[in-house]
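Written below as structure tokens is the structure these notes are about.
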Amino acid sequence: MNRIDLTLDDMANNKFLTMYSTLIKSFAASTEFSTSEVVSLLIVFYKYALNNRSRMMSTSQLYNLFLVSFGIFDVTIIDRISMNITQDGRSVSPEAWMRLFCVFFNGSLQERMKFAFEVYTSGGAVVLNREVVGVAIEQFFTGDDDDEVNELRADMCEFVFGKFDTDKDGVISFEEYSEIVQNQPGLLEFLGKIFPDDKDRSLVAYCHNIESMFPPECEY
């Protein structure tokens, strides 16, 4: 037989095709990834699952991927992304894996805004209140002078609500957030980095053989 992956033996290749053939067809039809790119992404997932001796990838494996490849180091953000794409916060399904890559690599601004807001509001909330925003911006200001740091954090919180809370009701809704970000896309990740930058996306594209996402050769 023609092996899908030469690092796997015939049995493992056959098992992969048996387990994922339906998903390959589904994701090739419903996403912007080509069939070969879907196969490449699911092969990587399959290897994680094999190493985990499970049909699922563990969130600890995903955690390491964020740190090493995606360039996202905020553990709170990583935890919230994991909770957002998984059902139990402990295991990652192939569907969750593909959802993550779809929004990271092919997501429209609307899709990325929805994903980011859901990460920022993890825990069942549908709006951002001052407590949630205050906790999120603590990471932006550190130092030995507690009074100065606390003042900077308070000023930043006031600035955020002055910018996003357009109806002045004390919370930031998705509608308010999306209206601001559509006009100023640079504010998409205003409470912390969620998406890999272009350089990290290129690295992940090479490692996962996502050919459509390879940068022009002149860029690197």
Side-chain angles (χ1 to χ4, degrees), residues 31 41 44-45 48-49 52 54 56-142 149 153-154 156-157 159-161 163-165 170-182 184-201 203-204 208:
T31 71
L41 285 167
V44 173
F45 176 88
Y48 274 117
N52 202 33
S54 169
M56 299 288 196
M57 180 180 177
S58 69
T59 50
S60 62
Q61 290 170 321
L62 184 65
Y63 187 99
N64 289 331
L65 187 65
F66 273 101
L67 295 175
V68 175
S69 300
F70 289 145
I72 298 173
F73 308 108
D74 185 331
V75 295
T76 300
I77 291 290
I78 296 174
D79 287 342
R80 289 184 172 187
I81 292 174
S82 296
M83 289 299 298
N84 192 32
I85 66 170
T86 64
Q87 295 182 342
D88 58 8
R90 296 190 301 273
S91 57
V92 183
S93 69
E95 292 85 357
W97 172 259
M98 290 300 300
R99 181 194 175 201
L100 184 68
F101 276 86
C102 285
V103 73
F104 274 12
F105 283 86
N106 294 322
S108 64
L109 179 59
Q110 183 67 29
E111 291 168 331
R112 288 160 70 86
M113 287 191 300
K114 184 176 184 297
F115 186 83
F117 198 77
E118 288 174 350
V119 170
Y120 292 146
T121 57
S122 289
V126 294
V127 295
L128 290 166
N129 59 31
R130 286 183 177 272
E131 180 181 0
V132 172
V133 172
V135 171
I137 65 178
E138 285 182 0
Q139 63 178 313
F140 300 154
F141 303 99
T142 59
V149 169
R153 289 171 177 169
M156 181 64 174
C157 192
F159 172 80
V160 166
F161 273 86
K163 181 74 174 179
F164 286 92
D165 181 18
V171 296
I172 301 170
S173 67
F174 175 73
E175 290 73 22
E176 291 171 317
Y177 164 76
S178 60
E179 182 179 356
I180 296 298
V181 174
Q182 283 172 0
Q184 297 177 263
L187 294 175
L188 173 69
E189 301 169 275
F190 78 112
L191 289 182
K193 182 180 179 181
I194 292 175
F195 304 101
D197 57 28
D198 289 344
K199 185 175 181 180
D200 290 325
R201 277 160 44 95
L203 171 63
V204 174
H208 294 74

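Every side-chain contact (heavy atoms from CB on, under 4.5 Å) that A96 has, sequence neighbours left out, goes to I85, V92, S93. Qualifying ring pair (Phe, Tyr, Trp, His ring centres under 6.0 Å) partners for F174, counting only residues two or more places apart in sequence or in other chains: F117. Residues satisfying the side-chain contact (heavy atoms from CB on, under 4.5 Å) test with E189, not counting sequence neighbours, are Y120, K193, I194, F195. Take C157 and apply the side-chain contact (heavy atoms from CB on, under 4.5 Å) test, not counting sequence neighbours, and it matches R130, V133, I137, F161.
Ring geometry, F101 versus W97: the interplanar angle falls from 30° to 60°, so the pair is classed tilted.
Of all non-hydrogen atoms in N84 and R99, the two that sit nearest each other are O-NH1, 3.1 Å. The two residues E176 and D165 come nearest to each other via the heavy atoms OE2-OD1, 3.5 Å. In terms of heavy atoms, Y177 sits closest to A116 at OH-CB, 3.5 Å. The nearest pair of heavy atoms linking V181 to L109 is CG1-CD1, 4.2 Å. Annotation for V103 and R112: closest pair O-NH1, 3.5 Å, computed over non-hydrogen atoms.
For the atom pair CD of Q110 and CZ of F115, the computed distance is 14.5 Å after rounding to the nearest 0.5 Å. The CG atom of L128 lies 5.5 Å from the CZ atom of F190; values are rounded to the nearest 0.5 Å. Here the CD1-CG distance, from I172 to L191, works out to 7.0 Å after rounding to the nearest 0.5 Å. With rounding to the nearest 0.5 Å, the separation of CG in L203 from CG in D197 is 10.0 Å. From F104, atom CZ reaches atom CZ of R201 across 10.0 Å, with rounding to the nearest 0.5 Å. Atom CG of N106 sits about 7.0 Å away from atom OG1 of T31, to the nearest 0.5 Å.
Within the 4.5 Å cutoff, no side-chain heavy atoms of V171 are placed close to those of F164. In this structure, F70 and I81 have side chains that are not in contact, with every pair of non-hydrogen atoms separated by 4.5 Å or more.
Pairs of residues two or more places apart, or lying in two chains, that qualify as side chain to side chain donor-acceptor pair (under 3.5 Å) and include a residue from residues 72-83 are D74-Q139.
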Note to self: Under the criterion side chain to side chain contact (heavy atoms under 4.5 Å, CB included), I'd like the reasoning laid out for I72 against I78: C-alpha separation, chi angles, the key distance, then a yes or no.
What the structure shows: CA-CA 7 Å; I72 298 173; I78 296 174; 4.1 Å; yes
Margin query: Apply side chain to side chain contact (heavy atoms under 4.5 Å, CB included) to residues M113 and Q182 and explain how you reach the verdict.
Written below: CA-CA 9 Å; M113 287 191 300; Q182 283 172 0; 3.6 Å; yes
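In this structure a side-chain-to-backbone donor-acceptor pair under 3.5 Å is present from R153 to E138. Proximity of a side-chain donor or acceptor of N52 to a complementary backbone N or O of M57 within less than 3.5 Å is not detected.
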All N/O donor-acceptor pairs, side-chain side in residues 61-69, below 3.5 Å, sequence neighbours left out:
unit_1: Q61; atom_1: OE1; unit_2: S58; atom_2: N; d: 2.9
unit_1: Q61; atom_1: OE1; unit_2: S58; atom_2: OG; d: 3.3
unit_1: Q61; atom_1: NE2; unit_2: Y48; atom_2: O; d: 3.2
unit_1: N64; atom_1: ND2; unit_2: S60; atom_2: O; d: 3.4

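By the 6.0 Å contact criterion, CZ on F159 is open, its count of non-hydrogen atoms from other residues, nucleotides or ligands being 12 or less.
Salt bridge annotation for K114-E118: present, with a cationic side-chain nitrogen under 4.0 angstrom from a carboxylate oxygen.
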